[in-house]
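As the structure is a computational prediction, the values presented were derived from the model and not from experiment. Ligands are counted one by one from 1 in listed order, and the atoms in each one are counted from 1 as well.
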Amino acid sequence: MKLDRLIASHQSMGRQAAHHAIAARRVRVDGVWVTDGHQPVDRFNLVQLDDAVIQPAERALYLMLHKPVGILSATKDDQHPTVVDLIDDPDKHTLHIAGRLDRSTSGLVLLTNDGRWSKRLMAAEEKVPKVYLVETLDPIAPDAVAAFAHGFYFHTEDITTLPAELVILDERHARLTLHEGRYHQVKRMFHRVSNRVINLHRESIGPLALPADLPPGAWRALTPQEVVAASGNG
Ligand code: URA
């Protein structure tokens, strides 16, 4: 929302009075006087008119979590523990997940209450590489590398998967980089080369890698630099 609209809606002040108040330097955003009514504000900004608080600032949360196997990528569930159940924060009920993992998959999950941030992250999805460590039931055939790079047609969605980089680490382990996130994508891709994923772990999303000192079940806040880097909005 633009600042002038927020001020105008305060006690039905109206657009004109709002513009006058802004021009008269009566309005502050996060403590800084603002004279441009077009300045975008969201619910994370503190907005004041003279000394009155028009809008208190909500806390923006940006978290990374090491999802263990068996935990649901959901905010609430009656049967299974969810990633949000693992988080100890008074505002955790405001969180949503930016990029889910299957219950049987472990690794990096990002959570936030900033819808604009997660939307930017998802919009940039085709550019944001997601790296997975894969263990398979059967040996990985060397020609799988070319098949993953070429892409697979998924009938259900009527799409062909974007070129993916498969690096075979040993007979039954590989590192796979995807530039999109389709439903059960990794498992479906391996199924197409007549194999089965038995362990799947997400190591990174774009510039954010799961740190070695964040054990399964643990989480931490992203640093301000990580928040900016992840959504490509430097
Ligand atoms: N692909 C899958 O099959 N599962 C996941 O959890 C993530 C990617």
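Here the protein heavy atom with the shortest distance to atom 1 (N) of ligand 1 is Val186 N, 3.0 Å. What sits closest to atom 4 (N) of ligand 1 on the protein, heavy atoms only, is Asp102 OD2, 2.7 Å.
The existence of a salt bridge linking Glu226 and Arg220 is confirmed by a sub-4.0 Å separation between a basic side-chain nitrogen and an acidic carboxylate oxygen. A salt bridge links Arg116 to Asp42: one of the charged nitrogens lies within less than 4.0 Å of a carboxylate oxygen. Salt-bridge check for Asp50 with Arg28: failed, with every basic side-chain N at 4.0 Å or more from each acidic carboxylate O. Salt bridge Arg59/Asp89: present, at least one basic N to carboxylate O contact under 4.0 Å.
Interface atoms of ligand 1 facing Leu200, defined by a heavy-atom separation under 4.0 Å, are 1 (N), 2 (C), 3 (O), 4 (N), 5 (C).
Side-chain atoms of Asp36 come within 3.5 Å of backbone N or O of His38 as a donor-acceptor pair.
With a 4.0 Å heavy-atom cut-off, ligand 1 is reached by the backbone of Leu101 and by its side chain too. Under 4.0 angstrom from ligand 1, there are no non-hydrogen atoms of Leu178.
Here's the thing with Thr105: one of its N/O atoms is less than 3.5 angstrom from an N/O atom of ligand 1. For ligand 1, none of its N or O atoms has an N or O atom of Arg100 under 3.5 Å away. The distance criterion of under 3.5 Å between nitrogen or oxygen atoms is met by His184 with respect to ligand 1.
For the pair Arg175 and Tyr132, the cation does not sit on the ring face, since its NZ or CZ is not both under 6.0 Å from the ring centre and inside 45° of the axis.
Close placement of the Phe190 and Phe148 rings is indicated, their centers lying within 6.0 Å of each other.
At least one heavy atom of Tyr132 sits closer than 4.0 Å to an atom of ligand 1.
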